[in-house]
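Take a look at the structure below.
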Amino acid sequence: MECRIGCGACCIAPSISTAIPGMPEGKPAGVRCAQLTDDNHCRLFGQPERPRVCADFTAAKSHCGNSADQAIEILSYWEEATA
Ligand code: SF4
Ligand code: SF4
């Protein structure tokens with residue numbers, strides 16, 4: 001599937017262990033990434049500072065669901081299950 005523009009769930013629900021500009025220790029689960037704009041776009045998209053893990057994450061029905069709320073639910077479930 002195509003990434004839902006303005007969704008941003010994968011920039012909120014999961015933890016990210018690598019440093020992100022503005023979040024040198026990485027991002028805790030359930031916290032908005034410092035690089036996520038108010039309308040849920042990545043400020044670093046296409047730039048070398050964007051973490052590799054973000055660039056490698058691809059949209060799929062199995063974890064993105066049918067809405068941003070569903071994606072938050074699914075990604076939060078997997079975050080907890082794999083913590
Ligand atoms: S959760 Fe999926 S649809 Fe939403 S921003 Fe991330 S990749 Fe795109
Ligand atoms: S760096 Fe960009 S893609 Fe990665 S979590 Fe932050 S806003 Fe999302």
Side-chain angles (χ1 to χ4, degrees):
M1 69 174 271
E2 290 284 309
C3 176
R4 268 187 311 270
I5 303 298
C7 167
C10 57
C11 308
I12 299 170
S15 59
I16 295 177
S17 56
T18 54
I20 302 167
M23 296 181 125
E25 307 295 322
K27 187 189 92 52
V31 173
R32 288 179 72 84
C33 176
Q35 298 301 327
L36 189 62
T37 64
D38 288 345
D39 59 353
N40 296 333
H41 289 78
C42 175
R43 288 188 184 91
L44 303 178
F45 193 82
Q47 296 185 35
E49 295 83 8
R50 191 180 189 219
R52 175 77 188 268
V53 65
C54 300
D56 287 349
F57 190 89
T58 49
K61 203 82 166 174
S62 57
H63 50 257
C64 301
N66 294 314
S67 66
D69 285 348
Q70 250 184 30
I72 291 272
E73 258 178 53
I74 297 166
L75 292 168
S76 298
Y77 169 82
W78 283 113
E79 177 71 30
E80 258 183 52
T82 57

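All ligand and atom numbering here is 1-based and tracks the order in the structure.
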Distance in Å, [X] [atom1] paired with [Y] [atom2], rounded so as to fall on 0.5 Å steps:
{"X": "Cys64", "Y": "Glu2", "atom1": "SG", "atom2": "CD", "answer": "11.0 Å"}
{"X": "Arg32", "Y": "Thr37", "atom1": "CZ", "atom2": "OG1", "answer": "7.5 Å"}
{"X": "Leu36", "Y": "Asp39", "atom1": "CG", "atom2": "CG", "answer": "8.5 Å"}
{"X": "Arg4", "Y": "Gln70", "atom1": "CZ", "atom2": "CD", "answer": "8.0 Å"}

*asked:* Taking 4.0 Å as the limit for heavy-atom contacts, which would you say applies to Pro51 with ligand 2: side chain only, backbone only, both, or neither?
replied: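 For Pro51, only side-chain atoms sit under 4.0 Å from ligand 2.
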
*Residue part near ligand 2, for Arg50, under 4.0 Å between non-hydrogen atoms*: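 Near ligand 2, Arg50 shows its side chain, while the N, CA, C and O stay back.
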
Quick one: nearest non-hydrogen protein atom to [atom], plus distance?
{"atom": "atom 2 (Fe) of ligand 2", "result": "Cys42 SG, 2.3 Å"}
{"atom": "atom 8 (Fe) of ligand 2", "result": "Cys11 SG, 2.3 Å"}
{"atom": "atom 6 (Fe) of ligand 2", "result": "Cys33 SG, 2.3 Å"}

*Side-chain contact test, heavy atoms from C-beta onward, threshold under 4.5 Å: evaluate it for Ile16 versus Met23 and give yes or no.*
no

*Can you list every ring-ring contact (aromatic ring centres under 6.0 Å, His included) pair that touches residues 30-61, not counting sequence neighbours?*
Phe57-His63

_Suppose I only count heavy atoms of Ile16 and a 4.0 Å limit; which atoms of ligand 2 are within that range?_
5 (S)

*Give the numbers and elements of all ligand 2 atoms closer than 4.0 Å to a heavy atom of Cys54.*
1 (S), 3 (S), 4 (Fe), 5 (S)

*List-wise, which protein N, O or S atoms are found short of 2.8 Å from atom 8 (Fe) of ligand 1?*
Cys3 SG

*asked:* Determine whether Cys33 and Ile12 satisfy the following criterion, side-chain contact (heavy atoms from CB on, under 4.5 Å), listing intermediate values before the conclusion.
replied: CA-CA 6 Å; Cys33 176; Ile12 299 170; over 6 Å; no

*Stepwise, does the side-chain contact (heavy atoms from CB on, under 4.5 Å) test hold for Glu49 with Ile20?*
CA-CA 8 Å; Glu49 295 83 8; Ile20 302 167; over 6 Å; no

*Report whether Tyr77 and Ile74 are members of the same hydrophobic cluster (ILVMFWY, side-chain heavy atoms less than 4.5 Å apart, transitive linking).*
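Yes, same cluster.
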
